[in-house]
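To start, the structure itself, in structure tokens.
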There are 2 protein chains.
Amino acid sequence: MTQKPSETVVDAWIALVRAQQAAVLKVERAFREAGLPPHAWYDVLWELDRAPEEGLRPFDIERRMLIAQSNISRLIDRLEEKGYVERRACESDGRGQNVAITASGRTIRRRMWPIYAKAISETVGQHFSEREAATVRDLLTRLVDPQG
Amino acid sequence: MTQKPSETVVDAWIALVRAQQAAVLKVERAFREAGLPPHAWYDVLWELDRAPEEGLRPFDIERRMLIAQSNISRLIDRLEEKGYVERRACESDGRGQNVAITASGRTIRRRMWPIYAKAISETVGQHFSEREAATVRDLLTRLVDPQG
DNA sequence: CCCATATAGATGCAGTCGCATGGATTTAAA
DNA sequence: TTTAAATCCATGCGACTGCATCTATATGGG
């Protein structure tokens with residue numbers, strides 16, 4: 001069934017791990033140096049900012065961000081504690097809740113964007129042409145397994 | 001100087017983060033399910049297995065693996081505790097040490113390889129042709145910043 | 001309706017991470 | 001040589017992670 005990976009595949013795996021490590025590390029440092037929250041906060045706030053007004057269910061965020069359920073739960077705790085999101089009871093499902101972004105959540109997201117944009121440019125954009133970036137996007141998207 | 005990243009670049013960044021997350025998660029689970037140590041252990045043991053007999057300096061491993069110094073220090077602690085590596089005083093530098101793999105370290109590394117190989121094949125290899133894997137390798141290698 | 005099972009989300013816990021700092025030694029400069 | 005700066009590695013700390021488990025609600029079958 002599953003054959004051994006070729007050397008090229010192993011190298012691609014290593015490059016993937018190292019590249020992401022290096023890139024994430026630099027992005028996180030950029031946020032930290034700017035006195036801003038970590039990058040995961042941005043991603044959640046971004047999802048919520050473009051979501052319908054009533055917000056999203058935690059399991060929705062979970063699936064979009066590929067984060068474990070327990071981590072989403074606590075990430076929302078932290079965001080809520082800072083007043084960036086609100087938890088509301090969910091009408092249609094008594095077990096669930098809706099998480100909605102607040103005004104101050106929108107503000108902090110907007111403040112984070114320039115830092116994020118700059119870091120992405122420096123760590124990723126500057127190394128690729130448009131065409132190469134599209135190739136990376138297309139190839140790597142395949143790895144984000146839709147079915148497990 | 002640093003311009004805003006294009007949408008394609010942002011998408012490439014997101015794909016990179018998601019792809020690595022998904023892939024690492026699956027690999028870690030494969031090791032765990034097999035009752036084996038996590039993937040970082042393999043990487044260190046692999047470096048040491050192909051290193052000269054006296055081993056490597058921690059800062060050497062650090063640079064090869066892009067892991068923070070404090071984490072290397074503790075990773076070596078754990079490996080040493082299990083008897084997979086040995087720390088020896090370094091002759092040429094009184095501050096340093098040499099880390100060398102032991103026989104049982106070589107054994108565990110060999111036992112880990114089939115699991116690792118299978119996981120890499122499943123998470124990466126099967127989604128790419130040889131040519132595509134080479135492209136991923138070449139493009140992503142650029143992001144692993146040689147100079148900071 | 002009742003019960004078994006599945007799903008949403010929270011939480012205890014142990015392990016790991018990055019950062020900041022500390023102690024020891026080496027290197028460079030005065 | 002004496003002193004200052006840099007390098008190597010360890011460690012305290014607070015934060016975050018994944019896993020396992022728990023409670024509560026929902027859903028499907030009898």
**Prompt:** side chain to side chain contact (heavy atoms under 4.5 Å, CB included) with B:Arg95: which residues, sequence neighbours excluded?
**Reply:** B:Asp93
What donor-acceptor contacts under 3.5 angstrom involve side-chain atoms of residues 53-65 of chain B, with partners at least two apart or in another chain?
residue : atom : partner : partner atom : Å
B:Arg57 : NE   : B:Gln97 : O            : 3.2
B:Arg64 : NH1  : B:Glu47 : OE1          : 3.4

**Option from A:Arg137, A:His127, A:Glu130 for which side chain to side chain contact (heavy atoms under 4.5 Å, CB included) with B:Val9 holds** = A:Glu130
**Item:** Rounded distance in Å - CD (A:Gln20) to P (C:dC17)
**Value:** 14 Å
**Complete:** On DNA chain D, more 5' by nearest nucleotide between A:Gly94 and A:Leu75 is A:Leu75
**Message:** Can you measure A:Glu80 atom CD to C:dT11 atom P for me and round it to whole angstrom units?
**Reply:** 11 Å
**Request:** Could you say whether A:Arg29 or B:Ser92 is positioned toward the 5' end of DNA chain C, judged by the nucleotide with the nearest heavy atom to each?
**Result:** A:Arg29
**Message:** Among residues at least two apart in sequence or on other chains, which ones pass side chain to side chain contact (heavy atoms under 4.5 Å, CB included) with B:Leu139?
**Reply:** A:Phe128, A:Glu132, A:Thr135, A:Val136, B:Thr135, B:Arg142
**Item:** Contacts of A:Trp41 that satisfy side chain to side chain contact (heavy atoms under 4.5 Å, CB included) - sequence neighbours left out
**Value:** A:Pro37, A:Pro38, A:Leu75, A:Arg78, A:Leu79, A:Lys82, A:Tyr84
**Item:** Nearest-angstrom distance from the residue atom CZ of A:Arg32 to P of C:dC17
**Value:** 16 Å
Protein-nucleotides 9-13 of chain D N/O pairs closer than 3.5 Å?
residue : atom : partner : partner atom : Å
D:dC9   : OP1  : B:Arg57 : NE           : 3.2
D:dC9   : OP1  : B:Gln97 : N            : 3.3
D:dC9   : OP2  : B:Phe59 : N            : 3.0
D:dC9   : O3'  : B:Gln97 : NE2          : 3.3
D:dA10  : OP1  : B:Arg87 : NH1          : 2.7
D:dA10  : OP1  : B:Gln97 : NE2          : 3.4
D:dA10  : OP2  : B:Ser73 : OG           : 2.6
D:dA10  : OP2  : B:Arg87 : NH1          : 3.3
D:dA10  : N7   : B:Gln69 : NE2          : 2.9
D:dA10  : N6   : B:Gln69 : OE1          : 2.9
D:dG12  : O6   : B:Arg74 : NH2          : 2.7

**Nearest-angstrom distance from the residue atom CG of A:Asp93 to C1' of D:dA24** = 10 Å
**Asked** Using a cut-off of less than 4.0 Å, is there contact between a side-chain N or O of B:Arg78 and OP1 or OP2 of C:dT16?
**Response** yes
**Asked** Can you check whether B:Arg63 has a side-chain N or O nearer than 4.0 Å to OP1 or OP2 of D:dC8?
**Response** yes
**Message:** Taking side chain to side chain contact (heavy atoms under 4.5 Å, CB included) as the definition, give me every residue that meets it alongside A:Ala15, ordered by chain and number, with sequence neighbours left out.
**Reply:** B:Leu140, B:Thr141
**Asked** Tell me: NE2 of B:His39 to P of C:dG15, nearest whole Å?
**Response** 20 Å
**Item:** Whole-Å gap separating P (D:dC19) and CD (B:Glu33)
**Value:** 9 Å
**Message:** What is the distance, to the nearest angstrom, from the CE atom on A:Met65 to the P atom on D:dC16?
**Reply:** 13 Å
**Request:** Let me know the distance between CD of A:Glu91 and P of D:dA26, rounded to the nearest Å.
**Result:** 12 Å
**Considering all heavy atoms, the nearest A:Pro5-B:Ser121 contact** = N-OG, 3.2 Å
